[in-house]
Every structure is written in structure tokens, then in C-alpha cells.
2 protein chains.
Amino acid sequence: MAREKAERSRVIPEVPEVVVMRLPLYLRTLVQLSQRGVEVVSSQQLGQQLQMTPAQIRKDLSYFGRFGRQGRGYSVKYLLEELRQILGLEREWDVGLVGVGRLGRAIISYAGMAPEGFHIVAAFDADPRQVGQTVGGITVQSMDHLQESIKATDTRIAIVAVPAAHAQEVIDRLVECDVRAILNYAPIPALVPPPVKLRNIDPVLALQSMTYYLRSL
Amino acid sequence: MAREKAERSRVIPEVPEVVVMRLPLYLRTLVQLSQRGVEVVSSQQLGQQLQMTPAQIRKDLSYFGRFGRQGRGYSVKYLLEELRQILGLEREWDVGLVGVGRLGRAIISYAGMAPEGFHIVAAFDADPRQVGQTVGGITVQSMDHLQESIKATDTRIAIVAVPAAHAQEVIDRLVECDVRAILNYAPIPALVPPPVKLRNIDPVLALQSMTYYLRSL
DNA sequence: CGGCGATTGTGAATCGGATTACAATCGCCT
DNA sequence: AGGCGATTGTAATCCGATTCACAATCGCCG
Ligand SMILES: NC(=O)c1ccc[n+]([C@@H]2O[C@H](COP(=O)([O-])OP(=O)(O)OC[C@H]3O[C@@H](n4cnc5c(N)ncnc54)[C@H](O)[C@@H]3O)[C@@H](O)[C@H]2O)c1
Ligand SMILES: NC(=O)c1ccc[n+]([C@@H]2O[C@H](COP(=O)([O-])OP(=O)(O)OC[C@H]3O[C@@H](n4cnc5c(N)ncnc54)[C@H](O)[C@@H]3O)[C@@H](O)[C@H]2O)c1
């Protein structure tokens with residue numbers, strides 16, 4: 001009893017958000033290495049693939065524990081599983097989608113989500129013509145059913161793909177339904193209360209920040 | 001001659017990339033204010049809208065010059081025009097799209113690009129069944145015509161929406177065609193040589209970094 | 001079994017971006 | 001004209017993230 005390792009009872013300090021945002025990158029690279037049959041990888045090699053310094057990777061990982069072996073590197077399979085655990089990806093997540101327009105449809109039929117454990121299980125739209133239609137195996141519901149449906153399935157993640165003018169209003173309603181993570185495609189600086197996480201996807205912003213460097217052309 | 005102001009001949013120092021990435025945010029907010037008929041805005045008000053400190057906005061702008069008036073704030077119209085100038089948005093940009101699948105089609109028919117001065121003028125796909133089809137007014141071309149077409153139209157911006165397995169290869173070809181800004185939707189850590197700018201759009205990464213905060217659920 | 005090259009984990013040093021704080025300036029009101 | 005509240009622009013400071021640097025540890029080989 002005296003020499004118990006206490007390995008599992010590590011207190012995780014406040015981890016900088018930038019670090020959390022890099023973890024999925026590490027995970028993805030490890031999955032690829034794993035598929036290629038690689039069993040061990042050093043921070044050096046990982047850094048090369050991801051175009052970052054080995055020290056940063058080691059530092060990032062050190063927030064969560066000790067996963068490597070000196071002189072060897074990291075077991076790809078082990079680190080991969082640990083990262084999944086840390087990120088909460090050892091389980092599957094149900095995702096709700098609001099706004100079944102062109103983008104919404106592309107998202108529903110996107111094959112890249114399910115393999116990562118994200119399942120779009122419900123879709124909502126305000127347009128009566130959309131309601132009742134079936135897209136990619138799921139039936140579009142009226143916004144009247146939003147709360148009911150989201151709460152019944154205990155969905156905590158939502159994707160917003162409605163026009164900018166209605167995005168904040170939709171987001172507010174999702175927050176009321178206890179959704180805790182929102183991926184917003186509308187080009188607005190949306191506001192959410194503290195416990196809720198928000199990420200924006202905005203191709204126009206990305207283009208506009210790149211043209212700065214093309215001014216000379 | 002002696003007291004010339006030298007206003008226009010300001011040497012812009014190396015501006016941090018984070019600053020450049022915030023400018024389009026400012027611009028967008030100014031456009032909205034302008035549409036609402038607002039003529040003057042303070043960094044205070046701007047900061048409130050964008051959920052950031054007034055000082056940061058002032059600091060960011062100070063990299064490029066002096067645009068405000070003490071005691072008043074900024075002329076919305078003037079600052080808006082200056083930002084457009086700085087970002088290279090006073091002109092229109094031609095954009096090439098590679099990969100006319102589900103996502104590619106959604107992008108082509110997305111109405112949010114043209115108003116900002118980004119025009120998708122050419123689309124390319126490796127699949128012979130796609131080639132020749134017309135999507136949103138433009139005809140899909142074979143990859144054989146990539147260099148020829150891109151160079152002929154002097155296109156410097158491209159969007160990549162091909163499967164991950166082919167994305168790096170496509171990006172390399174675009175770089176060879178003198179494309180200088182690439183918006184990549186494929187989930188890979190793509191590599192480009194220094195003069196070329198790259199931004200990635202990756203909804204799965206965004207979701208995976210949010211679940212970290214949902215672990216308790 | 002001991003020495004060696006490789007690699008981790010992390011405190012310390014460094015770097016760069018954010019914030020603070022304030023002098024300078026403005027428009028306005030009386 | 002002069003005083004006042006508001007606001008900018010920026011130098012100085014703070015703070016957090018990145019990088020450095022190295023002791024500790026590992027596997028391996030002779
Ligand atoms: N299409 C793209 O490639 C793309 C890319 C980036 C961002 N976006 C953004 O994504 C959003 C959707 O784009 P889109 O091209 O799919 O537009 P769209 O008009 O094709 O679809 C919008 C859908 O939202 C629905 N809707 C409108 N108000 C609603 C509300 N209050 N509640 C629920 N549903 C509502 C509409 O009925 C429609 O079906 C926009 O904000 C757009 O700027 C689109
Ligand atoms: N659909 C989405 O919502 C979505 C979202 C985010 C990211 N993505 C990513 O965008 C990419 C495209 O997704 P999609 O759903 O449109 O896939 P898709 O299979 O529908 O379309 C891919 C298209 O690329 C073409 N293509 C394949 N190899 C090519 C090559 N070497 N050169 C030129 N064209 C080639 C194919 O012929 C096809 O038309 C993928 O990398 C995907 O991970 C998609």
C-alpha cells in the first residue's frame with residue numbers, strides 16, 4: 001500500500017487552450033502512423049510531420065502526464081489511446097445540425113465525421129419546405145421540436161449553418177437546450193456564456209487575411 | 001517642400017500574423033456599422049461588439065498608421081476604406097477551386113464570396129465524369145488544364161477540396177502554378193514553401209478540441 | 001555489465017503579444 | 001476663449017507561451 005504509484009490520480013492543471021487545440025493534431029498524426037504500422041515515434045519525428053518543434057510537443061504532453069520512454073520515444077498505440085481519453089474521444093458524440101441549406105446538406109453527407117465518432121443525429125430548419133425531407137438518412141425537423149429533440153437525446157454538440165442574420169438567435173436557443181459545444185459556420189462574432197464552447201469556421205475571413213500578403217501582386 | 005507631411009510614405013514594420021488575422025474581423029464589423037448608418041465608432045464600442053479590449057484594437061491599427069481622432073473615435077467609412085486598402089481588398093480576386101465534389105459544389109454556389117470580392121473563376125477535378133459539367137455557371141476542367149488555365153488568368157488564390165490522400169499533391173501543383181494563397185479543406189497538415197500562404201479549415205479538429213471541455217458529461 | 005547514443009520531461013530563460021497607463025489632442029459647451 | 005469629458009496612440013509593463021538546455025533514464029551492444 002505504501003508504494004502505490006498514484007499514476008492515475010494526477011491533477012491536471014489549467015491547460016492553455018492553445019495546447020488543447022493542438023492535441024487533435026497530434027492524435028491525427030498518430031492515427032496515420034499507426035495505420036502505417038509504425039509502433040514507436042519520437043517527438044522529433046512528430047515535430048517534423050507537423051512542422052513544429054519537438055520541445056513544444058513534449059511540453060504539451062507533459063501537461064497531462066508522462067507518456068514516453070527516454071531513449072525510445074512514444075508508443076504510437078499507447079499515446080494515441082491516452083490522447084483520445086484526454087480529449088474525451090473514447091466515446092461517441094451525438095451532434096445536432098441547424099440549417100439544412102446547401103452547406104448543411106454538404107455537412108450531413110460528409111463522410112469524415114462518423115469515423116471520428118461524431119454522429120449527426122438530428123437536423124433542424126425553419127423553412128417548412130425543408131421540414132420532413134430526408135437528407136443523408138435523417139429527417140429534417142421543425143425548429144419547434146428543437147428543445148424537445150435535443151434534450152430527449154441529450155445532445156451536447158451542435159453545428160450551426162443558418163444565415164448570419166439568424167445565427168445568434170439559433171445559438172441562444174441551442175444554449176438554452178444545454179448544448180455545450182457549438183461549431184458555427186455563420187460569419188458573425190457570436191456570443192456564448194462561459195460554460196459553452198464555440199468555434200467558428202469562416203473561409204472568407206481566412207481569404208481576407210491571406211490577401212494581406214498578396215498586396216504586391 | 002520642407003514641411004511635407006510624409007503621411008503616405010509610412011514604413012510598415014513586420015506585422016504579427018495574429019494582428020493581420022484580426023483585421024478582417026474589424027473590417028466586417030465596420031461594414032455592418034456602415035450599413036446601419038453609423039458614421040463614427042470608438043475602439044470601446046468596436047471592442048464590445050467583437051468581445052475584445054479597446055486597447056488591442058488601437059494597438060493593432062497603430063501598426064499601420066493613425067486613423068482615429070482623439071475625443072471622437074474613428075470615421076467608420078474612412079477606417080473601412082483604409083482596412084480594405086491594407087488587406088488588399090480594394091481590388092477583386094480571382095479564385096481557382098480544385099475538387100468539385102460535394103464540398104466543392106457547396107463552395108461554388110456559396111453566395112458569400114462574391115460580395116467580398118472573391119470570384120471563383122475556374123474549377124478543376126480529376127474525375128472525367130465531373131469534367132465538362134457546369135456548376136454554378138462555371139465549367140469543370142480537367143487537371144491537365146490546371147497550369148495553363150491558372151497561369152492564363154493570373155489566378156493567385158486557390159481553394160482545395162479534394163480527398164486528404166491527394167491534397168498535398170494538388171497543393172504542390174498549385175504552388176508550381178504560382179498560386180500564392182491556398183485555402184485547404186483537406187484534413188492534412190499540408191506543407192507550402194515560404195512565400196505561399198496557407199489556411200486550413202477543419203471542422204473535425206474544431207470538434208475534437210471542444211470535446212476536451214465536455215469530458216465531464 | 002558498463003559505456004554510449006538517443007530521447008524524455010521539465011525548470012529556467014527567452015520571446016512576443018496583450019494590457020496598462022497616460023500624455024496629447026479633439027469637439028463641445030458655456 | 002477656455003475648461004472639460006472623451007478618446008486616441010504608444011511607451012512601458014506584464015504575462016503567458018515557446019524554446020532552451022540538461023539531468024535522468026532507457027535500450028542496446030560489445
Ligand atoms: N455554403 C458554403 O460553402 C458556406 C461556407 C461558409 C459559410 N457559410 C455560411 O453558412 C450559412 C449557411 O449557408 P448556406 O449556403 O447553406 O445558406 P442556405 O441559404 O443554402 O441555407 C440556410 C438554411 O438555413 C435555414 N434557416 C434560416 N433561418 C433559420 C432559422 N432561424 N432557424 C433554422 N433554420 C434557418 C434556411 O431555411 C436554409 O435552409 C451562412 O451563414 C453562410 O454564410 C456557407
Ligand atoms: N463535405 C464537407 O462538409 C467537408 C467538410 C470539411 C472538409 N472536407 C474535406 O474536403 C475534401 C472533399 O470533401 P468532399 O466531401 O467534397 O469529397 P468528395 O469525394 O465528394 O469530392 C472530392 C472531389 O475531389 C476530386 N478529386 C479526387 N482526387 C483529385 C485530384 N488528385 N485532383 C483533383 N480532383 C480530385 C474527386 O473527383 C471528387 O470530385 C475532403 O478532404 C474532405 O475531408 C469536406
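Each chain gets a letter, A, B and so on, in the order the sequences are listed, and its residues count up from 1.
Looking only at distances, a side-chain donor or acceptor of B:Arg173 sits under 3.5 Å from a matching main-chain atom of B:Met143. Without hydrogens or angle criteria, B:Arg58 side chain to B:Ser43 main chain gives no donor-acceptor distance under 3.5 Å. Looking at B:Ser149, its side chain never comes within 3.5 Å of a backbone N or O of B:Leu146 through a donor-acceptor pair.
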So which protein N/O to nucleotides 12-15 of chain C N/O distances come out below 3.5 Å?
residue	atom	partner	partner atom	Å
C:dA12	N6	A:Lys59	NZ	3.3

Kindly give the atom pairs (protein nitrogen or oxygen, nucleotide nitrogen or oxygen) under 3.5 Å for nucleotides 27-30 of chain D.
residue	atom	partner	partner atom	Å
D:dG27	OP1	A:Arg69	NH1	3.0

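Between B:Phe64 atom CZ and D:dT8 atom P there is a gap of 18 Å when expressed in whole angstrom units. One atom, CD1 of A:Ile57, and another, P of C:dT8, lie 9 Å apart when rounded to the nearest Å. Look at OH on A:Tyr63: it is 11 Å from P on D:dG16, rounded to the nearest Å. B:Glu17 has its CD atom 14 Å from the C1' atom of C:dG17, to the nearest Å. A:Leu79 places its CG atom 12 Å from the C1' atom of C:dT8, with the value rounded to the nearest Å. Residue B:Leu23 contributes atom CG, which lies 15 Å from atom C1' of C:dG17 at whole-angstrom precision. The CZ-C1' distance, from A:Phe67 to C:dG9, rounds to 12 Å in whole Å. Following rounding to the nearest Å, B:Met52 (CE) and C:dA18 (P) show an atom-to-atom distance of 8 Å.
The stretch residues 99-119 of chain B participates, sequence neighbours left out, in no salt bridge (charged side-chain N to carboxylate O under 4.0 Å, His left out) pair at all. Pairs of residues two or more places apart, or lying in two chains, that qualify as side chain to side chain donor-acceptor pair (under 3.5 Å) and include a residue from residues 175-194 of chain B are B:Asn184-B:Asn200. Residue pairs meeting the salt bridge (charged side-chain N to carboxylate O under 4.0 Å, His left out) criterion with at least one member in residues 19-29 of chain A, sequence neighbours excluded: A:Arg22-A:Asp60, A:Arg28-B:Asp202. Note on residues 154-163 of chain B: pairs passing side chain to side chain donor-acceptor pair (under 3.5 Å), not counting sequence neighbours, are B:Thr153-B:Thr155, B:Asp154-B:Arg156. Residue pairs meeting the side chain to side chain donor-acceptor pair (under 3.5 Å) criterion with at least one partner in residues 91-100 of chain A, sequence neighbours excluded, are A:Glu92-A:His119.
Considering only the side chain of A:Gln56, D:dT19 comes nearest among C:dT10, D:dT19, C:dG17. When each of C:dA18, C:dG9, D:dG9 is scored by its nearest atom to the side-chain atoms of B:Tyr74, the top-ranked nucleotide is D:dG9.
Shown here are the salt bridge (Lys or Arg N to Asp or Glu O under 4.0 Å) partners of A:Glu17, two or more places apart in sequence or in another chain: A:Lys197, A:Arg199. Under the side chain to side chain donor-acceptor pair (under 3.5 Å) criterion, A:Gln168 pairs with A:Asp172, not counting sequence neighbours. A search for side chain to side chain contact (heavy atoms under 4.5 Å, CB included) contacts involving B:Arg69 returns B:Arg72, not counting sequence neighbours. Under the salt bridge (Lys or Arg N to Asp or Glu O under 4.0 Å) criterion, B:Glu169 pairs with no residue at all, not counting sequence neighbours.
Scanning atom types as modelled, no donor and acceptor separated by under 3.5 angstrom connect the side chain of B:Arg66 and the base of D:dG9.
Comparing B:Leu61 and A:Arg58 along DNA chain D, the residue whose closest nucleotide (by nearest heavy atom) sits nearer the 5' end is B:Leu61.
Shown for residues 34-50 of chain B: residues whose heavy atoms fall under 4.0 angstrom of DNA chain D, namely B:Ser42, B:Ser43.
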